[in-house]
Chemist: 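Below is the structure I would like to discuss, written out as structure tokens.
Small disclaimer: the values here were computed from a predicted structure and weren't measured. Below, read A as the first sequence line, B as the second, and so on, with proteins coming before strands; counting in each chain starts at 1.
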Number of protein chains: 2
Amino acid sequence: MTNRAVTIAEVARHAGVAVSTVSYVLSGKRAISETTRARVLRSIGELGYHPNAGARALASRRSNVIALVLPLRAGMHLPVLMQFASSVVAMARRHDHDVLLMTADEGPDGLRRVAASSMVDGMVLMDVELDDPRVPLLRGLEEPSVLIGFPADPSGLTCVDLDFARAGALCVEHLTSLGHRRLALLGAPSVVYERGTGYARRTREGFVEAAGEAGVALPCEETFDEVAATVKDLFAQHPDLTGLVVHNEASVGHVLGALRLLGRRVPDEVSVVAICPDDVAERASPPLTSVLIPAEDVGNRAVELLMAKLEGRPVPDATLLEPRLAIRASTR
Amino acid sequence: MTNRAVTIAEVARHAGVAVSTVSYVLSGKRAISETTRARVLRSIGELGYHPNAGARALASRRSNVIALVLPLRAGMHLPVLMQFASSVVAMARRHDHDVLLMTADEGPDGLRRVAASSMVDGMVLMDVELDDPRVPLLRGLEEPSVLIGFPADPSGLTCVDLDFARAGALCVEHLTSLGHRRLALLGAPSVVYERGTGYARRTREGFVEAAGEAGVALPCEETFDEVAATVKDLFAQHPDLTGLVVHNEASVGHVLGALRLLGRRVPDEVSVVAICPDDVAERASPPLTSVLIPAEDVGNRAVELLMAKLEGRPVPDATLLEPRLAIRASTR
DNA sequence: TCCGCCTGTCGAAGCGCTTCGATAACCGAT
DNA sequence: ATCGGTTATCGAAGCGCTTCGACAGGCGGA
């Protein structure tokens, strides 16, 4: 029961080679003859050897762990965060790294702690906001980092995100190409705009710029009753409104419910485009034409950028992922 | 820029004491005079010392890291998982531990790997299913673990969860006490029952047992159209139905939409109780009477149990958290 | 005064690995 | 036969920490 873990020394003895030879078989950093390699690998298998992570980190000055830092304000877009997180883990594993999960409520000190203690080799920060308190620290840190989202001043940082401005514009283009002449954006709750959340603002800017005179952009709260009231007002003030863009995962269902209540049929009378995960769009009635948030791609890309930085390869400062429109039954 | 990290030796020199003395100041494992302690702590502060995690783990055989293992099948109950995760991280930090995030798609090998490499001192597995392939491994593992959810055979394991059977029963009791005589449960999608997901089945059992003849339990898919059809059928077959329990976070909005469509007013004609997170219940119209899933409590409790096991303290095998009913506007 | 006993501190021996320099053993070219 | 140059392997020196045993000095009790 209480068998201490197998060490590299035991493997070496079992295979009849030096400890360093085993190490080189594992790392591939020096040439090892095929016969020796095979013998060592067999011993490793038979003994069930797993290198001790602490010892390895100590000797090599590399922990093979990256930190994944969740946003300060939880409560928002939880499902998307989760998709980010799991794609980050999966991709990190593919690069032989593990992931240390941190919440931002430890604040910058937490980042400093894990970095200074050599717990992690680098970090990925999720859901970075325009004015993010963690950002200044990163610039001074030894460890490389990658941000998901863009702070107000991204200079000297590596950032990845969906191109939300393009996403907003893309929705407009789709609707205008269908002949819609008056469009509205129902966006994030107003508190999110005030907080300085980049993706909400950038989507709105993309929408406003592309729609010009034809567009009206509103924040959108998340209770059914508020959504219903907003939608009702909207049509009261803009009777010619026929195209709706919804960028609020929690509210898209409510928007459809409100339209149903008002007797406005989708897509016959009103076309609706959502910016939301695919599963939400598919579950709606009718299934929604949508721009999906490619959480998996973003997470994967973030890890790849971080790995590149860890290996000293140059990386672009900004990576914007092109949005893709999936046409379903809610637009015509 | 490239200043190597401060080591304990430098702290010792700066404070004019032995390395071991610094170590004992930090760990408190031997008495140190007040004056020495103060001097050492000041040096630590001035130099900005952070102990090297790898070295510490190597020497002490404790990594102060726990693993948090996400479920195999993602895509389900993402928001709740996220709440679990962040409460686990927060509580772990309070016990001076960090959290390594793992997805179950590495499978049991992944668990074996992190355990054997001494990367983690213990683990918390989320969303354990009745017949979970990770479970057999755990019994043989040196490292202690705690499960969120119950496998079919929980013997020899430490498990925590909301008492879903009680939750189901509680909903029934609430509705019958209001005078409702015919009740239905709209549960998880049928695939979830087939997969052997414990909480879905246990909720149903609790409901069925408490409702007896008066109750009918159905699975519930997650697209609006399917939900609407299910609800319509339900009322067609049971015209006397007045009490609805919904245990499906993705569908509660759809259920309300369907009732609206059928012209059944809530709560005047139909009372609805949901088992879902509070924010979902609050955003609905009308706000829903609900049993919330106390994700935070569960996560905290799981970590506390794990810490107890790590310190060799005895812990109960099974911990069931009592459900709490929040009465809102959807029942009468 | 001497003894045993705390207290507080030190030095050194690891923990299990990586990596550097050294060294054999062998190659083909002289 | 000799030599420079590979190629494959070994031994040993750390990496930065914890922890064990040793010990100096101060205490009160005999």
Chemist: C/dT9 C1' sits how many Å from B/Ile8 CD1, rounded?
Modeler: 14 Å

Chemist: Mind checking if B/Val17 touches a base, just sugar-phosphate, or nothing, with heavy atoms under 4.0 Å?
Modeler: sugar-phosphate

Chemist: Any base atoms under 4.0 Å from A/Ser23, or only sugar-phosphate, or nothing? Heavy atoms, all strands.
Modeler: base

Chemist: Name the one of A/Leu157, A/Asp131, A/Leu130 that satisfies side chain to side chain contact (heavy atoms under 4.5 Å, CB included) with A/Pro151?
Modeler: A/Leu157

Chemist: Separation of B/Arg62 atom CZ from C/dC15 atom P, in whole Å?
Modeler: 19 Å

Chemist: Taking B/Ser155's backbone N and O only, do any of them form a donor-acceptor pair with B/Arg139's side chain (distance below 3.5 Å, no angle check)?
Modeler: yes

Chemist: Would you mind classifying the nucleic acid contact of B/Thr36 as base, sugar-phosphate or nothing, using non-hydrogen atoms under 4.0 angstrom?
Modeler: sugar-phosphate

Chemist: Taking only side-chain nitrogens and oxygens of B/Ser33, does any of them come within less than 4.0 Å of OP1 or OP2 of C/dT9?
Modeler: yes

Chemist: Determine whether any donor atom in the side chain of B/Ser20 lies under 3.5 Å from an acceptor atom in the base of C/dG11, or the reverse, and answer yes or no.
Modeler: yes

Chemist: Is the shortest side-chain heavy-atom distance between A/Val65 and B/Met119 below 4.5 Å?
Modeler: yes

Chemist: Compare side-chain N and O positions of B/Arg61 against OP1 and OP2 of D/dT18 and report whether any pair is under 4.0 Å apart.
Modeler: no

Chemist: Starting at CZ of B/Arg56 and ending at C1' of D/dT19, how long is that distance when rounded to a whole Å?
Modeler: 13 Å

Chemist: Over how many whole Å does the gap from B/Glu10 atom CD to D/dC17 atom C1' extend?
Modeler: 14 Å

Chemist: Which is more 5' along DNA chain C, the nucleotide nearest A/Arg30 or the one nearest B/Thr21? Just name the residue.
Modeler: B/Thr21

Chemist: Would you kindly compare A/Tyr24 and B/Ala31 by the position of their nearest DNA chain C nucleotide and give the one closer to the 5′ end?
Modeler: B/Ala31

Chemist: Is any side-chain N or O of A/Lys29 closer than 4.0 Å to OP1 or OP2 of C/dT18?
Modeler: no

Chemist: Looking at C/dG16, does its base get a donor-acceptor pair with the side chain of A/Thr7 below 3.5 Å?
Modeler: no

Chemist: Inspect the contact between A/Glu34 and A/Arg37 and indicate whether a charged nitrogen and a carboxylate oxygen are less than 4.0 angstrom apart.
Modeler: yes

Chemist: For the pair made of CG in A/Asn52 and P in C/dG16, what is the distance, rounded to whole Å?
Modeler: 7 Å

Chemist: Contact between A/Met123 and A/Ile66 at the side-chain level, heavy atoms closer than 4.5 Å - yes or no?
Modeler: no

Chemist: Rounded to whole angstroms, how far apart are CG on A/Leu26 and P on C/dG16?
Modeler: 16 Å

Chemist: Between atom CZ in B/Arg37 and atom P in C/dT7, what is the gap in whole Å?
Modeler: 15 Å

Chemist: Quick one: A/Leu58 CG to C/dT19 P, roughly how many Å, whole number?
Modeler: 12 Å

